[in-house]
Amino acid sequence: MKLFLYHTPELTPKDEIPDCAIAVDVLRATSTIATVLAAGGEAVQVFSDLEKLIEISEQWPAEKRLRAGERGGAKVTGFELGNSPLDCTPELVHGRRLFISTTNGTRALQRIQNSPSVLAAALINRAAIVEYLLEKQPQTVWIVGSGWEGSFALEDTVCAGAIAHSIIEKTHVSPDQLAGNDELIGAIALYTQWQDNLLGLFHHASHGKRLLRLECHEDLKYCSQTDILDVLPIQQEIGVL
Ligand code: 3SL
């Protein structure tokens, strides 16, 4: 198995498809997706376009759906939810389908949606992702960070490092044997340096700072936890996890 890290969807190679592709948006889309599925959500359907989301979700019974939308960190007017995983309680989401559109995370998922296997990873469900990779042993794995509007994000990179670090610990392969590119080696180094203070790292991240300005401190705390949810968000059909 070779792991390749791409810091943004735009940096993934054109005209190539890996055996397995993993979208990461720790702050906060993939953390929210993992939380909804762990809380008994029926499925999560992702959209980059808000109008399309409204059109498709309207075909669903109102009591069986929830609409979540975020732009610039804030909730989209008229939707039940923004993009805070803390709002996704079992009481609210159980048995309902979440229709979601966010600035960056949903774009990352859409970029990789034609891969034979598509996962959504965050720190909170890292162990389930690692377990899947070790069981299925895909040869080529892309980890695609969502970044922020085309730029690098520390929190997505450290999550890629956390995934790789766990595989190395469990299988005793060397970083060089596992890494498909230099970005992954850099991510392992970042995780090794910050693994005991991931919340502290998020305070240095530009999107972490943006969320703190929006008073989302509890979101940062929640998303900085590792391995707390045993859930594998895996694409069932295009755009649906
Ligand atoms: O960009 C995204 O996809 C979001 O996760 C950003 S936010 O954390 O909801 O602001």
Side-chain angles (χ1 to χ4, degrees), residues 6-12 21-38 41 44-53 66-89 92-93 98-113 118-126 129 143-160 198-199 201-225 229 231 233 235 239-241:
Y6 299 103
H7 291 306
T8 67
E10 294 75 14
L11 289 169
T12 54
I22 306 173
V24 178
D25 185 18
V26 171
L27 295 175
R28 294 167 292 178
T30 53
S31 296
T32 297
I33 291 169
T35 302
V36 168
L37 295 174
V44 177
Q45 191 157 351
V46 299
F47 296 83
S48 51
D49 182 54
L50 288 172
E51 280 176 14
K52 190 89 192 147
L53 184 158
L66 280 169
R67 292 165 176 165
E70 166 278 328
R71 288 294 179 269
K75 177 171 168 288
V76 171
T77 317
F79 282 23
E80 289 94 353
L81 294 168
N83 188 25
S84 173
L86 299 179
D87 291 337
C88 302
T89 59
L92 184 67
V93 304
L98 187 80
F99 295 85
I100 185 169
S101 177
T102 68
T103 314
N104 304 287
T106 47
R107 270 189 325 123
L109 274 161
Q110 287 196 324
R111 167 66 190 95
I112 59 173
Q113 67 186 5
V118 175
L119 309 176
L123 288 164
I124 53 176
N125 70 331
R126 184 263 313 248
I129 299 288
I143 302 178
V144 182
S146 301
W148 185 266
E149 294 181 344
S151 354
F152 173 94
L154 273 175
E155 64 278 11
D156 296 341
T157 305
V158 86
C159 182
L198 292 166
L199 181 58
L201 177 67
F202 288 6
H203 280 76
H204 292 292
S206 55
H207 189 46
K209 291 178 187 163
R210 188 177 297 112
L211 288 173
L212 287 172
R213 286 195 294 276
L214 293 165
E215 300 187 354
C216 296
H217 185 259
E218 291 304 316
D219 287 50
L220 256 66
K221 245 172 139 172
Y222 175 77
C223 296
S224 69
Q225 301 172 97
L229 297 183
V231 66
Q235 184 171 262
V240 181
L241 298 137

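Order of listing sets the numbers, starting from 1, for every ligand and every atom in it.
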**Contact check, side chains of E10 and R107, non-hydrogen atoms, under 4.5 Å** = yes

**Atom-level proximity to ligand 1, residues with heavy atom under 4.0 Å** = D25, L27, R28, A29, E70, G73, N83, T102, T103, N104, G105, W148, H207, L211

**Message:** Would the distance check show the side chain of T32 and the main-chain N or O of N83 forming a donor-acceptor pair, the cut-off being under 3.5 Å?
**Reply:** yes

**Pairwise side-chain contact, H7 with T157, heavy-atom cut-off 4.5 Å (strictly under)** = yes

**Asked** Are C216 and S84 close enough that some pair of their side-chain heavy atoms sits under 4.5 Å apart?
**Response** no

**Asked** Knowing that exactly one of L37, T35, V44, L66 qualifies, which makes a side-chain contact (heavy atoms from CB on, under 4.5 Å) with V93?
**Response** L66

Give every donor-acceptor pair under 3.5 Å between a side-chain atom in residues 75-82 and any protein atom, sequence neighbours left out.
{"residue": "K75", "atom": "NZ", "partner": "F79", "partner atom": "O", "Å": "2.8"}
{"residue": "E80", "atom": "OE1", "partner": "R67", "partner atom": "N", "Å": "2.7"}

